[in-house]
Structures are given as structure tokens and as C-alpha cells.
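Working notes, structure below.
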Amino acid sequence: MQVETKRLSFWEKVGYSLGDSAANFIFQTVMMFLLIFYTDVMKIDPAKITFIFLITRLWTLSMIR
């Protein structure tokens, strides 16, 4: 069975990238809030928080593959 492929136009690529940028903006906003909360309110060392963020990111990456 043959599947016809079609390339995306420039404006379709721009539309997809804007949607992805909006999602990443929200994600980074939440991560910055968590960093400030953990360091200022919970009084956890920033190096430990960075390590926790790294481990969770690697865990998520391992779950995708």
C-alpha cells in the first residue's frame, strides 16, 4: 500500500512552532515557580533542587523511549 506524503508549508510550520513555544513557556514558568518555592519557602539547597529536577527529567526521558 502506497502512502502519499506531503510537506508542510512555511505557515504550517510557524503555527506548530508557536503552539510548542506556548507550551514550553508555561512549563518553564511552572519550573521557575517551583524553584523559588523550594528554595525560599521550603529552604532546600538549590543544588539539591537542581539534582531533583535533573533526575525527574531523565526519568521522563527514559519513560518515552
Side-chain angles (χ1 to χ4, degrees):
M1 179 165 78
Q2 290 281 343
V3 177
E4 185 177 329
T5 58
K6 187 172 95 172
R7 294 182 61 95
L8 292 176
S9 71
F10 172 76
W11 292 111
E12 288 173 323
K13 291 178 185 178
V14 169
Y16 280 114
S17 63
L18 288 175
D20 190 48
S21 296
N24 284 319
F25 177 74
I26 297 299
F27 177 75
Q28 290 301 324
T29 302
V30 170
M31 293 302 289
M32 288 302 298
F33 172 78
L34 283 174
L35 181 61
I36 292 169
F37 176 77
Y38 287 148
T39 56
D40 292 347
V41 177
M42 301 295 289
K43 305 291 185 202
I44 301 174
D45 183 38
K48 291 179 183 176
I49 298 302
T50 304
F51 183 71
I52 291 170
F53 284 173
L54 175 66
I55 294 300
T56 56
R57 197 54 98 118
L58 292 175
W59 178 268
T60 304
L61 182 63
S62 71
M63 300 303 274
I64 292 172
R65 294 181 185 245

| request: Could you tell me which residues satisfy side-chain contact (heavy atoms from CB on, under 4.5 Å) with M42, sequence neighbours excluded, listed by chain and number? | output: F37, Y38, I44

| message | Hydrophobic clustering (ILVMFWY, side-chain heavy atoms < 4.5 Å, transitive) - are M31 and F25 grouped together? | response | no

| task | Give, for atom CZ of F51 and atom OG1 of T56, the distance between the pair rounded to the nearest 0.5 Å. | result | 10.5 Å

| task | Any chance you could measure R7, atom CZ, to E12, atom CD, to the nearest 0.5 Å? | result | 11.5 Å

| message | L35: which residues meet the side-chain contact (heavy atoms from CB on, under 4.5 Å) condition with it, sequence neighbours left out? | response | T39, I49, F53

| Same cluster (ILVMFWY, side-chain, under 4.5 Å), V41 and V30 | yes

| task | Using side-chain contact (heavy atoms from CB on, under 4.5 Å) as the criterion, list what pairs up with L58, not counting sequence neighbours. | result | L54

| Say you draw a straight line from OG1 of T50 to CD1 of I55; how long is it, rounded to the nearest 0.5 Å? | 11.5 Å

| request: Keeping the roles fixed (side chain from D20, backbone from Y16), state whether a donor-acceptor pair exists under 3.5 Å. | output: no

